[in-house]
Participant: 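This is the structure, below, for whatever I ask next.
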Amino acid sequence: QVQVVESGGDLAQPGGSLRLSCAASGFTFTEFDMGWFRQAPGKEREMVARIRWFGDDTLYTDSVRGRFTLSRDTDKNIMFLQMNGLKPEDTARYYCGKSRYSRATFSNVGDYDFWGRGTQVTVSS
């Protein structure tokens, strides 16, 4: 039984920081690509960052590169997203995604499953 709980979302001012957490159970992080995704009202869900199932190779969308950092604690099955230099356009609900197949790399939203309720991030002055 796969379970995912996202947390850490909050109201932040432009230029502020937040740290999101994804606590998961029912599968092993090191056997699946994992990623952070976000969806704003009226927009499609997009990939923010991804980490490959092997090693620590990460990929970021251009709009967050240099500001966000994805990391993980494999012993506790927890994935993090450190968000610095927040901008109003970062406002969205953030979700933790797991790739559909083991030992394979994917970079498209449609290749991932979403088990949690997400956590809301709102950036406003």
Participant: Roughly how far, to the nearest 0.5 Å, is the CH2 atom of W115 from the OG atom of S25?
Facilitator: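 With rounding to 0.5 Å, OG (S25) is 11.0 Å from CH2 (W115).
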Participant: Whether the side chain of Q82 engages the backbone of T69 through a donor-acceptor N/O pair (distance < 3.5 Å, no angle test) should be reported.
Facilitator: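 No; zero donor-acceptor contacts below 3.5 Å.
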Participant: Just verifying a value: how many Å separate F80 CZ and R19 CZ, rounded to the nearest 0.5 Å?
Facilitator: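 So the gap between those two atoms works out to 4.5 Å.
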Participant: Are any non-hydrogen side-chain atoms of V109 and E44 less than 4.5 angstrom apart?
Facilitator: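 No, their side chains stay 4.5 Å or more apart.
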Participant: Counting only N and O atoms by type, is there a donor-acceptor contact under 3.5 Å from the side chain of R103 to the main-chain atoms of F54?
Facilitator: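 Looks like no, no N/O pair under 3.5 Å.
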Participant: Do the side chains of R50 and D57 get nearer than 4.5 Å, heavy atoms only?
Facilitator: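 The answer is yes; the side chains approach within 4.5 Å.
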Participant: Got C96 and M79 here, is their nearest side-chain heavy-atom distance under 4.5 Å?
Facilitator: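 Side-chain contact under 4.5 Å: yes.
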Participant: Show the nearest heavy-atom pair for residues G8 and L18, with the distance to one decimal.
Facilitator: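 Looking at all heavy atoms of both residues, the shortest contact is O-CD2, 4.1 Å.
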Participant: One pair to check against side-chain contact (heavy atoms from CB on, under 4.5 Å): Y112 and D33. What are the steps and the verdict?
Facilitator: CA-CA 9 Å; Y112 289 77; D33 277 12; 3.6 Å; yes
Participant: Check the orientation of F114 and F37. Use parallel for under 30°, tilted for 30 to 60°, and perpendicular for over 60°.
Facilitator: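 Taking F37 first and then F114, their aromatic rings stand perpendicular (interplane angle over 60°).
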Participant: Distance check, rounded to the nearest 0.5 Å: M34 atom CE versus S99 atom OG?
Facilitator: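 The CE atom of M34 sits 8.0 Å away from the OG atom of S99.
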Participant: I'd like to know if the side chain of T122 and the backbone of T91 have a donor-acceptor N/O pair within less than 3.5 Å.
Facilitator: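 Such a contact is absent between T122 side chain and T91 backbone.
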Participant: Give, for atom CZ of F106 and atom CZ of R52, the distance between the pair rounded to the nearest 0.5 Å.
Facilitator: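 Spacing of CZ (F106) from CZ (R52) equals 10.5 Å.
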Participant: What verdict does the side-chain contact (heavy atoms from CB on, under 4.5 Å) test give for R72 and D56, after you've listed the backbone C-alpha separation in whole Å, the side-chain angles of each residue and the deciding distance to 0.1 Å?
Facilitator: CA-CA 9 Å; R72 63 183 177 183; D56 295 317; 3.8 Å; yes
Participant: Using a strict 4.0 Å threshold on nitrogen-to-oxygen distance, state whether E46 and R38 make a salt bridge.
Facilitator: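 Salt bridge flag = yes for R38 with E46.
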Participant: More than 12 non-hydrogen atoms from neighbouring residues, nucleotides or ligands closer than 6.0 Å to CZ on R100, yes or no?
Facilitator: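 More than 12 heavy atoms, drawn from other residues, nucleotides or ligands, come within 6.0 Å of this atom.
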Participant: Say whether, by atom type as modelled, one donor and one acceptor occur between the side chain of Y60 and the main chain of L70 under 3.5 angstrom.
Facilitator: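 Yes; at least one donor-acceptor contact below 3.5 Å.
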Participant: Here's a test for you: under side chain to side chain contact (heavy atoms under 4.5 Å, CB included), which of L11, D10, L81, L20 qualifies with V121?
Facilitator: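 For V121, the side chain to side chain contact (heavy atoms under 4.5 Å, CB included) test succeeds with only one of L11, D10, L81, L20, which is L20.
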Participant: Check the pair C22 / V4 against side-chain contact (heavy atoms from CB on, under 4.5 Å), numbers first and verdict last.
Facilitator: CA-CA 7 Å; C22 170; V4 169; 3.5 Å; yes
Participant: State the OG-CZ distance between S17 and R67, to the nearest 0.5 angstrom.
Facilitator: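 Going from OG on S17 over to CZ on R67, the span is 10.5 Å.
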Participant: Between atom OG1 of T58 and atom CH2 of W36, what is the distance when rounded to the nearest 0.5 Å?
Facilitator: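 With rounding to 0.5 Å, OG1 (T58) is 15.0 Å from CH2 (W36).
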Participant: Check this for me: does any side-chain nitrogen of one of D90 and K87 sit under 4.0 Å from a carboxylate oxygen of the other?
Facilitator: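 So D90 does not pair with K87 through a salt bridge.
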Participant: For F27 and S102, what are the C-alpha separation, side-chain angles and deciding distance, and is it a side-chain contact (heavy atoms from CB on, under 4.5 Å)?
Facilitator: CA-CA 10 Å; F27 65 96; S102 65; over 6 Å; no
Participant: Can you give me the closest heavy-atom contact between L59 and M47, atom names plus distance?
Facilitator: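 Heavy atoms only, the tightest pair is CD2-CE, 3.9 Å.
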Participant: Hey, does D75 have a side-chain heavy atom less than 4.5 Å from the side chain of F29?
Facilitator: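 Not in contact.
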